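Each remark here refers to the structure printed beneath this line.
Because the structure is predicted, anything quoted here is derived from the model rather than measured.
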Amino acid sequence: MDFSLLSAAAAAGEGGTPAWAMLAYLAAGVFFILALRGLSSPATSRAGNRNGMIGMAIAVATTLVTHDIANIAEIGIAIFLGGIIGVTIARRIAMTAMPELVAGFHSLVGLAAVVVGFGAWLDPQSFGIVDAAGQILAVSRIELGLGIAIGAITFSGSVIAFLKLSGRMGGSPIMLPARHIINLGTLAAILGLIGLYTVSPQGGAAEGWMIYAIAVLAFIIGFLLIIPIGGADMPVVVSMLNSYSGWAAAAMGFTLGNSAMIITGALVGSSGAILSYIMCRAMNRSFISVIAGGFGADAGAGGGGGAREQRPYKQGSAEDAAYMLEQAEKVIIIPGYGMAVAQAQHALREMADKLKEKGVEVKYAIHPVAGRMPGHMNVLLAEASVPYDEVFELEDINSEFSQCDVAFIIGANDVVNPAAKTDKSSPIYGMPVFDVDKAKQVFFIKRSMGGVGYAGVDNDVFYMNQTVMLLADAKKMVEEIVKSLD
């Protein structure tokens with residue numbers, strides 16, 4: 001091996017990039033890896049966020065210094081305005097709106113990839129992706145096509161996810177006839193157009209119809225992939241779109257020749273894909289069916305929004321719940337999206353603290369898809385300073401319900417629904433759920449008996465002999481229980 005050649009390459013960097021800049025991008029990549037590592041646990045999430053910010057600052061600063069920026073003042077103004085908007089949104093957004101905010105951010109990443117792709121296509125000389133004849137390089141055409149396609153899919157898919165999560169569109173699946181054939185046909189057309197564009201005699205405006213067609217078809221398939229997915233599976237959708245946004249960024253990183261963008265996009269894409277796979281296993285779903293779209297329910301699935309049979313149930317008060325809770329030896333709390341809506345996490349922690357003072361063992365059970373995005377309940381409990389060692393995942397605590405005196409369900413529904421184990425016509429059939437039916441006593445907080453979970457399925461737990469329904473706003477009910485515990 002000729003080490004002198006390696007030394008020369010290191011001194012010049014890739015594509016003329018200075019060696020120090022390559023090292024800076026490498027350092028940024030290390031900080032991004034540390035960020036992902038930190039975000040894997042609530043206990044280290046602050047450090048993870050901080051590392052991500054440091055890595056991004058290094059990457060942006062290095063790019064600005066090493067590139068010939070036409071107007072640095074305009075770039076600075078754009079960064080400043082974007083920062084102001086981001087800080088304002090972060091301070092004002094409610095925790096209940098966090099899932100749709102994440103979906104909205106994913107859409108912006110996808111749109112940015114499309115804009116960068118069109119910019120490189122319109123002015124390839126500025127991006128350094130042309131050959132001696134002035135034509136766009138074949139490999140760059142592939143990168144452009146894939147970047148625009150993945151970005152467009154991410155954008156339109158994230159917009160639909162945002163509309164579903166924010167309630168602007170119904171959470172029920174919208175099942176199109178022959179949707180899989182349509183999706184596969186559209187995807188094949190996109191790949192065919194990318195291949196045709198790659199081998200076309202000219203890569204510029206003369207072949208513009210191909211680039212436009214790729215973008216339009218990708219926008220359409222992003223829409224088609226998400227609308228058939230039901231509300232119960234939206235956490236997986238958010239994770240999947242996060243992965244798509246990463247791959248879109250990585251593709252544009254190749255087009256721009258930016259190592260930091262490639263590293264960042266690959267990290268986001270791969271971590272999002274791994275998380276989606278883990279969540280699919282937790283829900284007994286097929287990862288391939290997630291990618292294909294429409295895995296949330298079948299057109300004839302039961303449990304829809306039709307009229308439900310009126311069944312007898314027991315209704316209790318805060319005083320009843322307080323008495324049984326303080327008499328218990330072990331209480332398992334199962335939070336859900338209803339807790340987030342009511343912002344009841346702080347009152348819940350106060351209730352748990354009072355129970356622990358009375359000698360009651362308290363644990364929290366978190367389902368992988370509780371809420372509207374991965375880790376939603378973990379974030380809420382961490383915000384309320386719930387000790388991390390009291391929070392357990394489904395597989396770690398599900399076996400303890402048979403020894404549990406009280407299962408305290410606050411705002412959860414689908415994740416405790418036994419129909420997932422017994423009703424093959426249910427849209428949530430096959431999804432692992434908490435075995436709350438094995439607890440000696442169940443207290444179930446929900447606003448009214450008229451509503452059902454996000455998947456639109458009635459819940460047999462409401463009508464069990466050991467279940468007492470606490471029908472009220474979750475925060476108010478828990479606060480009343482706390483008063484009764486004094």
- request: Quick one: pull up CG in Asn51 and CZ in Arg46 and give me the separation to the nearest 0.5 Å.
  value: 14.0 Å
message: Evaluate Leu144 against Tyr197 for side chain to side chain contact (heavy atoms under 4.5 Å, CB included), listing each step before the verdict.
response: CA-CA 10 Å; Leu144 280 176; Tyr197 175 63; 4.3 Å; yes
field: Any donor-acceptor pair under 3.5 Å from Asn398 side chain to Asp435 backbone
entry: yes
- request: Answer whether the closest heavy-atom distance between the side chains of Ile366 and Leu381 falls below 4.5 Å.
  value: yes
Pairs involving residues 72-94, ordered by first then second residue, that meet salt bridge (Lys or Arg N to Asp or Glu O under 4.0 Å) (sequence neighbours left out): none
query: Mind checking whether His376 and Leu380 have side chains closer than 4.5 Å, heavy atoms only?
result: yes
- line: dist Ile142:CD1 -> Ile136:CD1 (nearest 0.5 Å) comes out at 12.5 Å
Residue pair Glu390 / Arg349, side-chain heavy-atom distance below 4.5 Å: no
- request: Measure the spacing between CG of Leu39 and CG of Asn49 and express it to the nearest 0.5 Å.
  value: 5.5 Å
message: One pair to check against side chain to side chain contact (heavy atoms under 4.5 Å, CB included): Asp131 and Leu137. What are the steps and the verdict?
response: CA-CA 6 Å; Asp131 56 19; Leu137 297 168; 3.7 Å; yes
- prompt: Excluding sequence neighbours, so at least two apart, what forms side-chain hydrogen bond (donor to acceptor under 3.5 Å, both in side chains) with Arg50?
  reply: none
statement: Heavy-atom closest pair (Ala474 atom, Gly338 atom, distance to 0.1 Å) is CB-O, 4.2 Å
Could you tabulate the donor-acceptor pairs under 3.5 Å formed by side-chain atoms of residues 266-275, not counting sequence neighbours?
from: Ser270; atom 1: OG; to: Ala266; atom 2: O; distance (Å): 2.7
from: Ser270; atom 1: OG; to: Leu267; atom 2: O; distance (Å): 3.2
from: Ser271; atom 1: OG; to: Leu267; atom 2: O; distance (Å): 2.7
from: Ser271; atom 1: OG; to: Val268; atom 2: O; distance (Å): 3.1

- prompt: Is the side chain of His367 donor-acceptor paired with the backbone N or O of Pro432 at a distance under 3.5 Å, no angle test?
  reply: yes
field: Of all pairs that satisfy ring pair (Phe, Tyr, Trp, His ring centres under 6.0 Å), the ones with a partner from residues 142-167, not counting sequence neighbours
entry: Phe155-Phe219
- prompt: So Phe392 and Ile332, side chain to side chain contact (heavy atoms under 4.5 Å, CB included) or not? Walk me through it.
  reply: CA-CA 10 Å; Phe392 297 86; Ile332 299 179; over 6 Å; no
field: For Pro368 against Leu394, the heavy-atom pair lying closest together
entry: CD-CB, 4.2 Å
Side-chain touch Phe105/Leu108, heavy atoms, less than 4.5 angstrom: yes
- prompt: Is any side-chain heavy atom of Phe32 less than 4.5 Å from a side-chain heavy atom of Met56?
  reply: yes
- prompt: Quick one: are Phe408 and Met351 in side-chain contact, heavy atoms under 4.5 Å?
  reply: yes
task: Nearest 0.5 Å please: distance from the CH2 atom of Trp209 over to the CD1 atom of Ile214.
output: 9.0 Å
field: Whether over 12 other heavy atoms sit under 6.0 Å from Ile181 CD1
entry: no
query: Is there a side-chain contact between Ile226 and Met240, using heavy atoms and a 4.5 Å cut-off?
result: yes
query: Which residues satisfy the ring-ring contact (aromatic ring centres under 6.0 Å, His included) test with Phe401, sequence neighbours excluded?
result: Phe434
Intermediate values then yes/no, side chain to side chain contact (heavy atoms under 4.5 Å, CB included), Glu383 and His346: CA-CA 8 Å; Glu383 181 191 26; His346 296 281; 4.2 Å; yes
task: Return the minimal non-hydrogen interatomic distance between Arg141 and Thr198, and the atom names on each side.
output: NH1-O, 3.6 Å
message: Nearest 0.5 Å, please: how far is CZ in Phe31 from CG in Leu36?
response: 14.0 Å
Close side-chain approach of Tyr25 and Ile262, heavy atoms under 4.5 Å: no
- line: When every non-hydrogen atom of Gly151 is compared with those of Val114, the smallest separation belongs to C-CG2, 3.6 Å
- request: Not counting sequence neighbours, which residues clear salt bridge (Lys or Arg N to Asp or Glu O under 4.0 Å) with Glu400? List them please.
  value: Lys330, Lys363
task: List the atom of Val415, the atom of Val433, and the distance in Å for their closest heavy-atom pair.
output: O-CB, 3.2 Å
query: Between the main-chain N or O of Val238 and the side-chain N or O of Asn242, is there a donor-acceptor pair closer than 3.5 Å?
result: no
- line: For Ile397 and Ala365, the nearest pair of non-hydrogen atoms, with its separation, is CG2-CB, 3.7 Å
Backbone N/O of Met261 and side chain of Thr264: donor-acceptor pair under 3.5 Å: no
